[in-house]
Amino acid sequence: MLDAESSATGRPQGVAPLFFVANQSANLEPMKTVEWADGRVRMIDQTLLPGTEKFIELDTIPEVAEAIKVMRVRGAPAIGVTAALGLALAAVSSAATTTDELLRHVREAAAVLGATRPTAVNLFWGINRMLAVANANAGKTPDEFKTALVTEAVAIQEEDIARNTRLGEYGASLIDDGDSVLTHCNAGALACAGFGTAVGVITAAWNQGKKVHVYVDETRPLLQGARLTSWELTKSGIPMTLITDNMAGYFMQQGRIDKVVVGADRIAANGDAANKIGTYSVAVLAQAHNIPFYVAAPSSTVDPTIPDGSHIIIEERAEHEVTEIRGKRIAPAGVRVANPAFDVTPNRLIAAIITEVGVVEAPYAKNLAAALGK
Ligand code: MRU
């Protein structure tokens, strides 16, 4: 279904937007959310978006840990890449003169970064991949050790973009010309090293010439939809409408939404998927309206070590995120607050999981293992 809004703002023929940020000479360049830059970790500070587009460069582990905790960088794949780059930073910035000492510094940094946010498995996936390389190079010279860690971290960063680009192509096959697609939170380029997962699917469909329209849930409490997904889609020129979280049911009832595509922070072996708080409600609404609900996530988001979603640790964040909006208090002092950052959507509500190795359908325990074991 094509909305009035998207007909009115239909994409000019032949224009295939990716995700660009204008540089100072007004040329358009693909944006990298987080990257290795001459011995530092460079990232766009997402807490300042959409008002200010500022890149920051971090050169200590406490700075990297703080950036993940306060969500200067956020989104499951992006924090996995950041942790990997952080461990490369731990090696190159260390004053250690022996490889044994370097290895110890990297392990200490891994413990610090691993304690930042508990839910997205990509963080631990990135850390474990780096620790495996560190352990494998324990017998090398300090310089060789450092080079091996930087090479691995940069590979993780580049693979993330390649993986999401493939995922986008698979997912685009599920999107029809004229579809209105609802998404929750931000699973775009900002949530990854680049390109995005759920937004990557929409972008790939758009790049194939399909006219799509996106309904963007604002995503309280931290407004990732309003601040970040809207910013990305506006940059890309993909038609969208921003709605508050409690409007999704209304638009589904009105027949205005054809599909839902969201990202994930951790997918259990049976396909249960943790994503931003509110995702479960959207999935229940989608089922009530016979709307397909898709989860788009790279293999680094699948945690085969847990049988189902009940094993996923849900991050509980600070009260002020609920009692304030962008620093302005909206609730009386002293109110009791709960702030779980994620919820788990049971596999029975998921029409398919879109990965970089293909579109996986139920039964997920069997089909995810078969697809990702490849
Ligand atoms: O708390 P956040 O902003 O890190 O939560 C992010 C999400 O829930 C995303 O939807 C998820 O990480 C997928 S990102 C490709």
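Position 1 is the first residue of the sequence, and the numbers go up from there. Start at 1 and go down the list; that is how both ligands and their atoms are numbered.
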Can [X] and [Y] be counted as having a side-chain donor-acceptor contact under 3.5 angstrom?
X	Y	result
His105	Ser94	yes
Thr244	Asn246	yes
Asn135	Arg107	yes

Heavy atom of Glu315, distance to ligand 1 below 4.0 Å: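 No heavy atom of Glu315 comes that close to ligand 1.
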Heavy-atom side-chain contact between Val199 and Leu233 under 4.5 Å: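 In short, these two side chains touch, coming nearer than 4.5 Å.
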Ring-face cation of Lys276 near Phe342 (centre distance under 6.0 Å, axis angle within 45°):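 Yes, cation above the ring, under 6.0 Å and within 45°.
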Nearest heavy atoms of Val92 and Gly39, plus distance in Å: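 Smallest interatomic distance, heavy atoms only, reads CG2-O, 4.2 Å.
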Nearest-contact summary for atom 9 (C) of ligand 1 - protein heavy atom, Å: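 Nearest neighbour among protein heavy atoms for atom 9 (C) of ligand 1, to 0.1 Å: Asn275 OD1, 3.3 Å.
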Distance from atom 7 (C) of ligand 1 to nearest protein heavy atom, with residue and atom: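 In this structure, atom 7 (C) of ligand 1 has Asp265 OD1, 3.3 Å as its nearest protein heavy atom.
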Which atoms from ligand 1 have a heavy atom of [X] less than 4.0 Å away?
X	value
Lys276	1 (O), 2 (P), 5 (O), 8 (O)
Pro77	14 (S), 15 (C)
Ala187	14 (S), 15 (C)
Arg117	1 (O), 2 (P), 4 (O)
Asn186	9 (C), 10 (O), 14 (S)

Option set Ala264, Gly75, Ala274, Ala296, criterion heavy-atom distance to atom 13 (C) of ligand 1, minimum: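 Result: the heavy atom closest to atom 13 (C) of ligand 1 is in Ala264.
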